[in-house]
Amino acid sequence: MFSKTRVTEPGPRNTAPAPEENVTQTAPETHGYDAAPQRNRAAPSVLSADLTIKGDLSTEGDVQIEGQIEGDIRARQLTIGQSATVRGEVLADEVIVNGRVIGRLRGVKVRLSSTAKVEGDIIHKTIAIESGAHFEGSVQRQDDPLATGGTKKLAPPATDFDSKSE
């Protein structure tokens, strides 16, 4: 016959996994942020629609904006909600624009949804613009759009009106 050990009976159990040896971790690619240990991704900070901020925002985390911001924003992932307006420069690894941005937008991945309204230059590594998005400005691709070396404002296109003619 066979015997079955009860869960409540004492006895040798090996439920813990064996420790792994020779495990190396590589630091994730950072874009101007200090290298920090990778933590579990927390929920984004949400700035509600009834909130107005005058000043700069800076975080290494994720932010979702539904209100009004007058100042520069730096984040890892930034979502600008449909009712939001940002007046200032935006720098983020990933930027999703559903609302309005007035100012320069710099991001590794930039997405303008069909409800987006952007008035300013966009500097990106990859960009997606949905049909219906409103955009006034210039677009420039860079391998590292978040580099601290600043980018000059792009010149407007030359026209025949610029030259003196008789």
Which atom pair, heavy atoms only, marks the closest approach of [X] to [Y]?
| X | Y | value |
| --- | --- | --- |
| Glu66 | Ser83 | O-OG, 2.9 Å |
| Arg106 | Pro145 | NH2-O, 2.6 Å |
| Val95 | Ala92 | CG2-CB, 3.6 Å |
| Arg74 | Leu146 | NH2-O, 4.5 Å |

* Calculate, to the nearest 0.5 Å, the distance between atoms CG and CD1 belonging to Leu57 and Ile73 respectively. =>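 Going from CG on Leu57 over to CD1 on Ile73, the span is 5.5 Å.
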
* To do: Apply side-chain contact (heavy atoms from CB on, under 4.5 Å) to the pair Ile123 and Leu105, showing each step before the final yes or no.
  => CA-CA 6 Å; Ile123 299 156; Leu105 201 151; over 6 Å; no

* Taking only residues two or more places apart in sequence or in another chain, which ones pass salt bridge (charged side-chain N to carboxylate O under 4.0 Å, His left out) with Glu119? ->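 Listed in chain order: Arg100.
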
Taking side chain as C-beta onward, heavy atoms only, is [X] less than 4.5 Å from [Y]?
| X | Y | result |
| --- | --- | --- |
| Thr85 | Ile69 | no |
| Ile96 | Leu78 | no |
| Ile53 | Leu47 | yes |
| Gln142 | His124 | no |
| Leu112 | Ile122 | yes |
| Asn98 | Thr79 | yes |
| Val86 | Val97 | no |
| Val139 | Arg141 | no |

* To do: State which residues pass side-chain contact (heavy atoms from CB on, under 4.5 Å) with Ala128; sequence neighbours excluded, sorted by chain then number.
  =>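 Scan of Ala128 (side-chain contact (heavy atoms from CB on, under 4.5 Å), adjacent residues dropped) gives Arg111.
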
* Asked: Mind checking what makes side chain to side chain donor-acceptor pair (under 3.5 Å) contact with Thr115, not counting sequence neighbours?
  ->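 Testing Thr115 for side chain to side chain donor-acceptor pair (under 3.5 Å), a comparison that skips the adjacent residues, returns Ser113.
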
* Distance only, no hydrogens: is a donor on one side chain within 3.5 Å (strictly under) of an acceptor on the other, for Glu70 and Gln68? ->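 Glu70 vs Gln68: no donor-acceptor pair found between side chains.
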
* To do: Using a strict 4.0 Å threshold on nitrogen-to-oxygen distance, state whether Arg104 and Asp121 make a salt bridge.
  =>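 Salt bridge flag = no for Asp121 with Arg104.
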
* Same cluster (ILVMFWY, side-chain, under 4.5 Å), Val90 and Ile102 ->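 They do not share one cluster, since no chain of ILVMFWY contacts under 4.5 Å joins Val90 to Ile102.
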
